[in-house]
Number of protein chains: 2
Amino acid sequence: MPQLSERTQRFLTRYGEMASHWGLNRTECQIHGLLFLSPKPLDAEEISKTLSVARSHVSNSLKELQSWGIVKTVHVLGSRREYFECLPDVWEMMRTVVAEQKRREIDPWMRILKEAAADLDDGSPDGTYAKHRVQEMLGFFEVFSRWYEELRRLPTPMIRRFLALGGKAIGLLGLKG
Amino acid sequence: MPQLSERTQRFLTRYGEMASHWGLNRTECQIHGLLFLSPKPLDAEEISKTLSVARSHVSNSLKELQSWGIVKTVHVLGSRREYFECLPDVWEMMRTVVAEQKRREIDPWMRILKEAAADLDDGSPDGTYAKHRVQEMLGFFEVFSRWYEELRRLPTPMIRRFLALGGKAIGLLGLKG
DNA sequence: CTGTGCTTCCTGTAGCGACTGAAATATACA
DNA sequence: TGTATATTTCAGTCGCTACAGGAAGCACAG
């Protein structure tokens, strides 16, 4: 994929703009998008040329994408070069992204709340109230976090079936009472 | 809450830094944090002074918080002023935040993917492959989105019981086979 | 030990978004 | 109508982050 069609350019532009709210910057997202659409692995040089981004920047971005676990290196026989590809399975990819998001956003946030609950309570009425409020918020995250941690261990097909049930699960589980 | 204790300041600082990844900017988050910890509603003037933020900025930020639905206005008898408070129930608040996040991030993203799936396929093998990939990603979001839309209609206590089950739900639903 | 391919580090630049402060506008009551 | 209160709007400033591009470092093949 040396030259990009106009359509692909259009897509990568939006991909970069949109996904940059997800913890990666615009270029990193575009690189990922490029790999996502590419039928074969690409090397850093190609990526650099295709997206008109400095070679060093591509290198750093790829490192970041690898640290997220959504891009892997591939080696081709007879070439010293490293090639890159993104996870072939979309569900695997999304699971990875969600897991990283949790690790990088939710977990630190819960740590902050925990510390704050202890710290805010200075004995005054307002302090006690504040502590109480923070604990309420922490409670939400703990329930949610525990739920997620249990679900994430399950294999993808099971999750798919689970999600497909939607709200019906509630009825089936007898949670209406 | 005219003056902030050092502890509260510490908390609001972190609250602002952390939560600003969630679609609101730092000050908006701090204002929300302040209201969240406050036992009584506050007016814009107080907020401005307490956080040392320009009055106009507070005004705009409050509007934004209201548009998210996580801050409400309250009127006090005998005063023309508007007072502000955040949703009292934390679970209600988090549900609102999640709903807004979906509306502002996921839904547009799905629209982009839909358009791109049609656009990318120029008849070439690479184009066909790209379309296929985008559809895979779209598939993930559609399953997830449908699941969420069904769950969100249920009352909070039901959701809590549901989440509390964690991975056990899978077994109970007979999804292991 | 030398060239090649890649990564890491550093510096400078550009652009974006947050924020201020002031001016313009709107609303409520005396 | 005048005064006090609120919101809206906007120009200007500031800081942060992305990014380019070059220089040095590293690893390996010959």
Side-chain angles (χ1 to χ4, degrees), chain A residues 9 12-35 41-68 71-85 104-105, chain B residues 9 12-35 41-68 71-85 104-105:
Chain A
Q9 281 182 23
L12 289 182
T13 305
R14 305 177 95 180
Y15 196 85
E17 281 163 9
M18 190 67 210
S20 57
H21 299 282
W22 298 54
L24 294 160
N25 68 40
R26 188 157 37 85
T27 327
E28 285 160 358
C29 288
Q30 283 181 5
I31 292 175
H32 180 268
L34 184 61
L35 293 174
L42 305 172
D43 64 69
E45 191 65 28
E46 281 178 283
I47 297 172
S48 165
K49 292 223 173 93
T50 311
L51 295 177
S52 312
V53 163
R55 180 67 186 70
S56 55
H57 199 199
V58 170
S59 182
N60 290 326
S61 299
L62 283 169
K63 213 179 78 181
E64 178 70 4
L65 288 167
Q66 283 177 281
S67 91
W68 274 68
V71 160
K72 305 267 178 216
T73 59
V74 190
H75 292 278
V76 172
L77 256 134
S79 163
R80 252 192 11 248
R81 274 199 190 152
E82 281 196 312
Y83 291 81
F84 302 86
E85 66 179 11
R104 294 168 194 238
E105 306 250 342
Chain B
Q9 280 181 25
L12 289 182
T13 306
R14 305 178 94 181
Y15 197 85
E17 281 165 9
M18 190 68 211
S20 56
H21 299 281
W22 297 55
L24 295 161
N25 69 39
R26 187 157 37 87
T27 326
E28 285 161 357
C29 288
Q30 284 182 5
I31 292 175
H32 180 267
L34 183 62
L35 293 173
L42 305 173
D43 64 70
E45 191 65 27
E46 281 178 283
I47 297 173
S48 166
K49 291 224 173 91
T50 311
L51 294 177
S52 312
V53 163
R55 180 69 185 69
S56 56
H57 200 197
V58 170
S59 183
N60 290 326
S61 299
L62 284 168
K63 213 179 80 181
E64 179 70 4
L65 288 167
Q66 284 177 281
S67 92
W68 273 68
V71 160
K72 305 267 179 216
T73 59
V74 190
H75 292 277
V76 172
L77 255 134
S79 164
R80 254 191 10 247
R81 276 201 188 147
E82 279 198 313
Y83 291 82
F84 301 87
E85 67 179 10
R104 294 169 194 236
E105 306 250 343

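Residue numbering restarts at 1 for every chain, and letters A, B, ... go by the order of the sequence lines.
- The interatomic distance linking B/Leu24 (CG) with C/dG17 (C1') rounds to 14 Å, in whole Å.
- Among the heavy atoms of the strands lying under 4.0 Å from A/Ser56 is at least one base atom, whether or not backbone atoms are also near.
- Here the C1' atom of nucleotide D/dA6 and the CD atom of B/Gln66 are 13 Å apart, to the nearest Å.
- In this structure, NE2 of A/His57 is placed 14 Å from C1' of C/dC9, rounded to the nearest angstrom.
- For D/dC19, one of the phosphate oxygens OP1 or OP2 lies less than 4.0 angstrom from a side-chain nitrogen or oxygen of A/Thr27.
- When each of D/dT8, C/dT7, D/dA20 is scored by its nearest atom to the side-chain atoms of B/Lys63, the top-ranked nucleotide is D/dT8.
- Note on A/Asn60: every side-chain N or O is 4.0 Å or more away from OP1 and OP2 of C/dT7.
- We find that CG of A/Asp43 is positioned 11 Å from P of C/dG5, with the value rounded to whole Å.
- Between B/Glu64 atom CD and C/dC19 atom P there is a gap of 12 Å when expressed in whole angstrom units.
- Distance, B/Arg55 CZ to D/dT9 P: 15 Å, rounded to whole Å.
- For A/Glu82, counting side-chain heavy atoms from C-beta on, the closest listed nucleotide (D/dA6, C/dT7, D/dT8) is C/dT7.
- Between A/Asn25 and D/dC19, a side-chain N or O to OP1/OP2 separation shorter than 4.0 Å is present.
- For B/Ser59, counting side-chain heavy atoms from C-beta on, the closest listed nucleotide (D/dT7, D/dC19, C/dT20) is D/dT7.
- Between B/His21 atom NE2 and D/dC16 atom P there is a gap of 14 Å when expressed in whole angstrom units.
- Among the atoms of the strands shown, only primed sugar atoms or phosphate atoms (P, OP1, OP2) are found under 4.0 Å from some heavy atom of B/Ser52.
- In this structure, A/Lys49 atom NZ and C/dG5 atom P are separated by 11 Å, rounded to whole Å.
- Taking every side-chain heavy atom of A/Arg81 into account, C/dG5 is the closest of C/dG5, C/dT7, D/dC19.
- No side-chain donor-acceptor contact under 3.5 Å links B/Ser48 to the backbone of B/Ala44.
- B/Glu45 comes within contact range of no nucleotide atom at all, as no heavy-atom separation falls under 4.0 Å.
- Between B/Arg26 and C/dC19, a side-chain N or O to OP1/OP2 separation shorter than 4.0 Å is present.
- Here the side chains of B/Ile47 and B/Leu35 are in contact, with some heavy-atom distance below 4.5 Å.
- For the pair A/Gly33 and A/Leu12, the tightest heavy-atom approach, listed with the atom from each and the gap, is C-CD2, 3.6 Å.
- With B/Glu46 contributing its side chain and B/Asp43 its backbone, the two residues share a donor-acceptor pair below 3.5 Å.
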Item to complete: Mind running salt bridge (Lys or Arg N to Asp or Glu O under 4.0 Å) on A/Arg55 and A/Glu45 for me, showing each step along the way?
Response: CA-CA 7 Å; A/Arg55 180 67 186 70; A/Glu45 191 65 28; 3.4 Å; yes
